[in-house]
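To start, the structure itself, in structure tokens.
By convention in this document, chain letters (A, B, ...) are assigned in the order of the sequence lines, proteins followed by strands, and residues within each chain are numbered from 1.
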Number of protein chains: 2
Amino acid sequence: MAQLIPYLSVDCVVFGFDAERQELNILVYEREIFNDRSGNLNLKFPGSIVPMEDDLDDSAQKVLFELTGLKNVCLKQFHAFGNPDRIKFDEEKKWAERHYGVKIDRVVTIAYYALIRIDKHNPEQSRIRDKLKWITHDRAENMAFDHSLILEYALAALKKDVLLKDVNVFELLPPKFTLAQLQSLYEAVMGKKMDKRNFRKKISKASYIKALDEKQRGVAHKPALLFYFDKDDFERSKEDINTFFV
Amino acid sequence: MAQLIPYLSVDCVVFGFDAERQELNILVYEREIFNDRSGNLNLKFPGSIVPMEDDLDDSAQKVLFELTGLKNVCLKQFHAFGNPDRIKFDEEKKWAERHYGVKIDRVVTIAYYALIRIDKHNPEQSRIRDKLKWITHDRAENMAFDHSLILEYALAALKKDVLLKDVNVFELLPPKFTLAQLQSLYEAVMGKKMDKRNFRKKISKASYIKALDEKQRGVAHKPALLFYFDKDDFERSKEDINTFFV
DNA sequence: CCAAAAGTGTTAGCCGTACACCCATGA
DNA sequence: TCATGGGTGTACGGCTAACACTTTTGG
């Protein structure tokens with residue numbers, strides 16, 4: 001049977017925040033199809049062909065569940081990638097055809113990014129646990145297909161969403177966090193360093209970030225006060241974004 | 001032949017700005033498939049099935065060209081809509097099957113918004129000119145398929161892009177425009193009124209909006225100074241968006 | 001001379017930015 | 001007692017927001 005229309009897939013760029021190293025990490029799936037090529041060509045983002053009867057968002061949630069054992073993950077669709085030549089190598093086409101069990105000429109993918117708590121991700125629950133790994137952004141060049149491009153778009157979309165409070169960056173943090181963790185997360189997302197005192201002054205004006213009556217324990221320095229995030233206050237605070245940048 | 005995967009289409013939400021009436025308008029395509037239903041069920045956004053060999057962006061440009069006779073239109077992909085039930089009525093399914101000449105069970109659409117100058121849009125050049133019309137946002141409820149939802153997403157995406165200077169709102173204006181026109185455009189996009197003096201103070205700080213040595217003519221009131229938009233300065237000015245909203 | 005829209009300045013309070021030292025803890 | 005990161009204040013300049021009257025034109 002000839003294929004007359006492009007296949008449709010979803011791909012998920014899963015972000016996790018390593019609070020120790022203060023780094024934004026990305027979950028990738030490692031295949032073994034290129035033996036003689038160096039670099040990251042064996043790395044791709046987790047994804048799946050969209051079944052005929054499934055909603056796009058549901059397909060993405062399903063991928064995430066099979067991957068991390070997590071349900072109701074924070075997931076945002078950010079772009080569809082449809083270059084007819086996005087499958088670059090014969091090895092990739094053959095891999096995809098074997099993997100999905102259909103003849104494939106072209107795949108259009110709807111890309112999502114997900115925010116998860118890196119400590120919640122339980123690889124034991126994953127069907128494909130031994131093929132998953134976390135990498136940092138600067139180790140993600142030259143991935144399979146157009147996935148390095150997809151990552152650039154994902155990072156830009158995340159940054160945009162965070163700037164306008166269109167996403168909950170707190171999904172990446174544990175329920176109790178320090179201001180230093182929060183600051184390094186913002187710095188990782190925005191791609192720039194910020195001044196500690198000014199950052200804290202700003203955060204103290206955010207009604208949705210609230211201090212607990214509790215401190216860090218067991219650290220070899222002055223223990224930090226812990227904070228939590230109030231989602232309802234956050235939702236309310238969205239309303240007064242008015243002023244555009246000139 | 002059974003269809004095993006969803007069809008893929010692109011749809012374009014075309015915005016135009018009516019500077020006289022100070023309204024944001026939307027270009028819709030009118031069909032004649034519902035006789036006995038009231039409302040806007042006959043209205044849809046222009047779109048097309050994506051051919052097997054075409055890039056998504058190219059397909060959208062092609063739709064725009066056939067529609068408006070314009071090339072290199074400002075076009076931004078903003079969301080993919082893939083609810084399996086987005087074709088709601090039998091009449092719509094039959095229309096789509098007749099229109100595209102294939103059996104259709106499900107269509108996933110990649111939605112774009114376009115900004116065009118309403119005065120440049122030459123309906124004479126359009127293949128389907130007698131079926132196109134401009135409507136305002138508040139007259140766009142209950143459109144065909146999920147197109148009213150698509151419009152809501154388009155407006156939100158446009159607003160977001162304008163806030164972050166990710167799109168050129170000046171594509172909607174003639175090359176020479178007054179500050180009153182510019183202000184009413186911002187107001188239409190942001191959905192809120194602004195103070196004239198404060199708006200002008202802000203605009204005067206934008207290096208990319210420059211006064212001409214020329215005024216309006218033939219108006220029955222004090223003629224307004226004309227301004228133009230400098231794209232290079234605009235691109236340069238994007239770099240210093242840093243501060244997130246709390 | 002009237003109607004209509006253009007154009008203009010000041011004040012008060014808030015926000016962004018730049019910058020350096022003491023504090024609490026575990027080892 | 002030392003190393004480590006936590007926590008804090010001030011001053012300046014720029015931005016936002018509120019607010020009302022005069023000017024220029026065509027009719």
B:Met194 CE - D:dC19 C1' separation (whole Å): 18 Å
Pairs touching residues 12-22 of chain A that satisfy side-chain hydrogen bond (donor to acceptor under 3.5 Å, both in side chains), sequence neighbours left out: none
Contacts of type side chain to side chain contact (heavy atoms under 4.5 Å, CB included), residue B:Ser237, not counting sequence neighbours: B:Lys165, B:Tyr208, B:Phe234
For A:Lys176, all residues meeting side chain to side chain donor-acceptor pair (under 3.5 Å), sequence neighbours excluded: A:Glu214
Expected output: side-chain A:Asp11 to main-chain A:Thr109 donor-acceptor under 3.5 Å: no
side-chain hydrogen bond (donor to acceptor under 3.5 Å, both in side chains) pairs, two or more places apart, involving residues 194-203 of chain A: A:Asp195-A:Asn198, A:Asn198-A:Lys201, A:Lys202-B:Thr243
Atom pairs under 3.5 Å, N or O on each side, protein against nucleotides 11-16 of chain D: can you list them with distances?
unit_1: D:dT16; atom_1: OP1; unit_2: B:Lys202; atom_2: NZ; d: 3.3

Along DNA chain D (nearest heavy atom to each residue), the more 5'-positioned of B:His221 and B:Lys196: B:Lys196
Centroid separation A:Tyr112 to A:Phe78 less than 6.0 Å: no
Between D:dG9 (C1') and A:Arg200 (CZ): distance, integer Å: 14 Å
A:His79: partners by ring-ring contact (aromatic ring centres under 6.0 Å, His included), with sequence neighbours left out: A:Phe81, A:Tyr153
Non-neighbouring partners of B:Thr136 that pass side chain to side chain donor-acceptor pair (under 3.5 Å), sequence neighbours left out: B:Asp138
A:Arg236: partners by side chain to side chain donor-acceptor pair (under 3.5 Å), with sequence neighbours left out: A:Asp233
Boundaries of the chain A footprint along DNA chain C (any atom under 4.0 Å from a heavy atom): C:dC15 to C:dG26
For atom CD of B:Gln216 and atom P of D:dT25, their distance in whole Å: 12 Å
Residue whose closest nucleotide on DNA chain C lies nearer the 5' end, A:Ala220 versus B:Leu226: B:Leu226
Contact residues, residues 158-170 of chain A to DNA chain D [heavy atom, < 4.0 Å]: none
Spacing between B:Asp195 atom CG and D:dA20 atom P, to the nearest angstrom: 11 Å
Close approaches to DNA chain D from residues 174-181 of chain B, in residue order (heavy atom, under 4.0 Å): none
Atom-to-atom span, CZ of B:Arg197 to P of D:dT22 - whole angstrom: 13 Å
Donor-acceptor pair, side chain of A:Glu187 and main chain of A:Met194, under 3.5 angstrom: yes
Side chain to side chain, A:Tyr113 and A:Val14, heavy atoms closer than 4.5 Å: no
Residue pairs, two or more places apart or on separate chains, that pass salt bridge (charged side-chain N to carboxylate O under 4.0 Å, His left out) and touch residues 141-160 of chain A: A:Arg86-A:Asp146, A:Lys160-B:Asp161, A:Lys160-B:Asp166
Validation row, ring centre B:Tyr228 to ring centre B:Phe177 under 6.0 Å: no
B:Lys131/B:Glu30 salt bridge by N-O under 4.0 Å criterion: no
Nucleotide D:dG5, atom P - distance to CD of A:Glu20 in whole Å: 11 Å
Atom-pair distance (NZ on B:Lys193; P on D:dA18), nearest Å: 16 Å
